[in-house]
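This report refers to the structure that appears directly beneath it.
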Amino acid sequence: MEDIYDQGVESSNVHLQPGQSDSNDPDSPRTSGGGSHEAKPPKRKLSTFTDGKRKRRAKTVRRSRPGYTIQEGEDMLLIISNINKYDSVFKTKRKVCKRRVTSKGKVKVPAAKRKNKPSKDEIGEEALSHNAGLKETGNDGEQLTDSWGQNLPVELLVNIFHLVVNQEGAVPFLCRAARVCHLWNFAASNPILWRDVSVGYCWIEPGKTQLPKMELKIKNTVSWLAQNRFSQLREFSLSHWKKHVSYVVQVVSQSCPHLTSLKLSYCVDATEKTFQSLNSCPSLETINIQYSEVHIEGLVLFLEKCGNQIKKILFTYGPKIDKLLSVIARGCCPELKLLEINTKLGSGFCQLPICIQTLQSGCPKLQVFRILNITPIIKTVRRTSDCTPGFPHLEELCLATSAVSFMTDQNLMSVLHSSPKLRVLDLRGCPRITTALLAALPCQDLECLYWGLYLSSSMVSSKKGLYLLTEKWSDTLRELDLTSQPFSEEDLEIAMGNLTCSKGADLLQSLNLSSTKVNTNTVRAVITQCSKLSYLNLSSCRCLPRGLKRVYRCPEDINQLLDKL
């Protein structure tokens, strides 16, 4: 203990001179000698161990930043000035406004400091003029504008906003940009930027109920947008709305005469009035109600009255959906070009009876026909003549399903017997289709063939003859999917040889050979001849060595595979 005490005393750095007393001792005298003046206590060097106070650091002098930056190029040095002519504006001190406190405790601002909000006309004039705004004088006598944005042309700012809207959407970007300044507000209100609007439900958290004030705020916001921003609206989309769907559609249809597309995704409360209000939209061509609960009878009445203008219809499988399909087949939509019927994955086994002959008569201009994750039951109608109109303009047919498909050669031929313009054929999950039927189709310029089997099935009807397909479409195929098809090694080698030795070898971009019997020689020939191949799936191929059975998603990976082979 004595050693520790001695160390503490030594570390205190306190030295008493003769004739001086410690100021901490109350009994020590305040004077030294016989003088009348009080002796000043000696200066003590306090240590951090005794008082716990930190020593003050010496002030460091900051060196001024040079007014230029040097960047080294290939054959020159670039000297870039860092001095901005607007720096003096931001360095000027802000004058503090003196405020007086009244007797009631409120802060009163002098009348000279009060600013009136400019009107909308003043905002537009200020935004259009490039030199608008207050001007200040810097130290060098130059007149500087208050903000750099006021010198930016409005047309240029609108073009910048248009690029952002195409990538991110109009909402909420334009709503936030309008709050930056007067110029941005004027540019964000341009009707050109509000032609495609998608509104999600972002007012409250999911699962919480709406208060009356919130409901009124939602309605007022939609009404204000429709009256002040949607004058040139073309495409409008609502997603995840559980209330006010009918109100929003009514307001939009009344204020947007140029509306061409309406999409309701995962919405509820679309009543009969929702579709009655669409009668005031003479330019409406597309109706998308996928994954939404709508009033089918109201939509049927609208199609019976205004179906001549509709060109695209997309809906989800559900109750009373046969009524909607029968109205389309009766000829209420003679200009229809796209028809898509789908359902959610994992929704179970869904059967949809379809009379292909009546649908071909009612929609002679159909170009795209999609039935996704639904098992179509093809019905036939007895006619006096066996000749049916077919789909002469059909370019895409999709019958992909994740469940069992009963599509046969006869059913497929009844759909495509008069479709020479077919470009895309999706038969994923259809094991009963044979290569002989596909080779007999009238289409000669097929570009995409998806024929993968993603479910184990023992009812595979086609086990040979793949070379017939690649020989027929060798000059046009760009994408080919043969997942789990039970073709032999020889058949695959001949079929891939037809693709690689043809004039269209450079057109092939995607090839899926997952779970097939393709060998190393065939893969090497495909990679060598198909120079634009950017996707290759070789997963679960038993005839390939280990380390090569995976998916290659870019040309660089495919070239590395060629080096390994």
Does any non-hydrogen side-chain atom of Thr260 lie less than 4.5 Å from one of Leu284? no

Is a donor on one side and an acceptor on the other found under 3.5 Å between the side chain of Thr500 and the backbone of Gly497? yes

Which pair of non-hydrogen atoms, one from Leu508 and one from Arg478, has the smallest distance, and what is that distance? CD1-O, 3.6 Å

Can you tell me if Phe230 has over 12 outside heavy atoms packed within less than 6.0 Å of its CZ? yes

Please report the C-alpha distance between Lys365 and Glu335 in whole Å, then the side-chain angles of each, then the deciding distance to 0.1 Å, and finally whether the salt bridge (Lys or Arg N to Asp or Glu O under 4.0 Å) criterion is met. CA-CA 6 Å; Lys365 298 182 180 181; Glu335 301 294 328; 3.0 Å; yes

Rounded at 0.5 Å granularity, tell me how far SG in Cys398 sits from CZ in Arg370. 7.0 Å

With the side chain counted from C-beta on, respond yes when Leu225 and Thr221 share a heavy-atom pair under 4.5 Å apart, and no when they do not. yes

Step-by-step side chain to side chain contact (heavy atoms under 4.5 Å, CB included) determination, Cys267 to His240: CA-CA 5 Å; Cys267 291; His240 299 277; over 6 Å; no

Has Asp196 got a side-chain atom pairing as donor or acceptor with Ser198's backbone, closer than 3.5 angstrom? no

Minimum side-chain heavy-atom gap Leu565-Thr520 below 4.5 Å: yes

Under 3.5 Å donor-acceptor, Asn288 side chain and Gln290 backbone: yes

Does any donor atom in the side chain of Ser223 or Asn220 lie under 3.5 Å from an acceptor atom in the other side chain? no

Do Leu359 and Ile328 come within less than 4.5 Å of each other through their side chains, counting heavy atoms only? yes

For Gln232 against Pro191, the heavy-atom pair lying closest together: CG-CB, 3.5 Å

Thr401-Asn373 side chain donor-acceptor pair, cut-off 3.5 Å: no

Side-chain contact test, heavy atoms from C-beta onward, threshold under 4.5 Å: evaluate it for Asp481 versus Tyr454 and give yes or no. yes

Check the pair Ile378, Met407 against side chain to side chain contact (heavy atoms under 4.5 Å, CB included), reporting the backbone distance first and the verdict last. CA-CA 8 Å; Ile378 306 299; Met407 200 72 178; 4.3 Å; yes

Donor-acceptor pair, distance only, cut-off 3.5 Å: does the side chain of Lys472 make one with the backbone of Ala439? yes

Side chain to side chain donor-acceptor pair (under 3.5 Å) evaluation trace for Tyr247 with Asp269: CA-CA 10 Å; Tyr247 176 81; Asp269 194 27; over 6 Å; no

Separation of Met413 CE from Ser419 OG (nearest 0.5 Å): 10.0 Å

Roughly how far apart are Leu157 CG and His162 NE2, rounded to 0.5 Å? 13.5 Å

In sequence, state the C-alpha distance, the side-chain angles, and the governing distance for Phe487 and Thr435, and then conclude on side chain to side chain contact (heavy atoms under 4.5 Å, CB included). CA-CA 11 Å; Phe487 297 107; Thr435 54; 4.0 Å; yes

Which atom pair, heavy atoms only, marks the closest approach of Pro282 to Pro257? CD-O, 4.0 Å

So does Gln227 get a backbone contact from the side chain of Ser255, meaning a donor-acceptor N/O pair under 3.5 Å? no

If you count every heavy atom of other residues, nucleotides or ligands that lies below 6.0 Å from Arg176 atom CZ, does the total exceed 12? no

Exam field: side chain Asp506 to backbone Cys530, donor-acceptor pair closer than 3.5 Å: no

Show every donor-acceptor pair shorter than 3.5 Å between a side-chain atom in residues 297-308 and any protein atom, with sequence neighbours excluded, or say none if there are none.
from, atom 1, to, atom 2, distance (Å)
Glu297, OE2, Lys320, NZ, 3.1
Glu304, OE2, Arg330, NH2, 3.2

Start with the C-alpha gap between Thr476 and Asp445, add the side-chain angles, then the distance that decides, and say whether side chain to side chain donor-acceptor pair (under 3.5 Å) holds. CA-CA 6 Å; Thr476 58; Asp445 300 327; 5.3 Å; no

Whether the side chain of Ser515 engages the backbone of Ser484 through a donor-acceptor N/O pair (distance < 3.5 Å, no angle test) should be reported. no

For residues 421-433, dump all side-chain donor-acceptor pairs below 3.5 Å to protein atoms at least two apart in sequence or in another chain.
from, atom 1, to, atom 2, distance (Å)
Arg423, NH1, Lys421, O, 2.9
Asp426, OD1, Arg428, N, 3.3
Asp426, OD1, Arg428, NE, 2.9
Asp426, OD2, Arg428, NE, 3.2
Asp426, OD2, Arg428, NH2, 2.6

Any donor-acceptor N/O pair, Thr470 side chain to Ala495 backbone, under 3.5 Å: yes

Do Ser514 and Asn512 get their side chains close enough for a donor-acceptor pair, meaning under 3.5 Å? no

Any side-chain heavy-atom pair of Gln360 and Pro389 under 4.5 Å: yes

Minimum heavy-atom distance Pro364-Pro392, with the two atoms named: O-CD, 3.9 Å

Taking atom CD of Gln509 and atom OG of Ser531, what is their separation to the nearest 0.5 Å? 10.0 Å

Have Asp557 and Tyr535 got a donor and an acceptor in their side chains that come within less than 3.5 Å? no

Side chain to side chain contact (heavy atoms under 4.5 Å, CB included) evaluation trace for Leu352 with Leu325: CA-CA 10 Å; Leu352 181 62; Leu325 191 59; 4.3 Å; yes

Validation: residues 312-319 side-chain donor-acceptor distances under 3.5 Å, sequence neighbours left out:
from, atom 1, to, atom 2, distance (Å)
Thr316, OG1, Tyr291, N, 2.7
Thr316, OG1, Asn342, OD1, 3.3
Tyr317, OH, Gln351, O, 3.2

Got a second to check how far Cys332's SG is from Leu324's CG, nearest 0.5 Å? 10.0 Å

Thr408/Asn411 under side chain to side chain donor-acceptor pair (under 3.5 Å): CA gap, chis, key distance, verdict: CA-CA 5 Å; Thr408 61; Asn411 297 333; 3.1 Å; yes

For the side chain of Trp473 and the backbone of Cys443, is there at least one donor-acceptor N/O pair under 3.5 Å apart? yes

Do we see a donor-acceptor contact under 3.5 Å between the side chains of Ser246 and Thr274? yes

Could you tell me which non-hydrogen atom of Ser277 sits nearest to which non-hydrogen atom of Val249, and how far apart they are? OG-CG1, 3.8 Å

At what distance, to the nearest 0.5 angstrom, does CZ of Arg524 lie from CG of Asn519? 9.0 Å

Where do Val158 and Leu193 come nearest, in terms of heavy atoms and distance? O-CD2, 3.7 Å

Gln276-Glu272 side chain donor-acceptor pair, cut-off 3.5 Å: yes

Counting only heavy atoms from other residues, nucleotides and ligands, does the tally under 6.0 Å from NZ of Lys263 exceed 12? no

Taking side chain as C-beta onward, heavy atoms only, is Leu538 less than 4.5 Å from Leu544? yes

Are Thr286 and Leu338 close enough that some pair of their side-chain heavy atoms sits under 4.5 Å apart? no

Glu489 (side chain) donor-acceptor with Val518 (main chain) under 3.5 angstrom: no

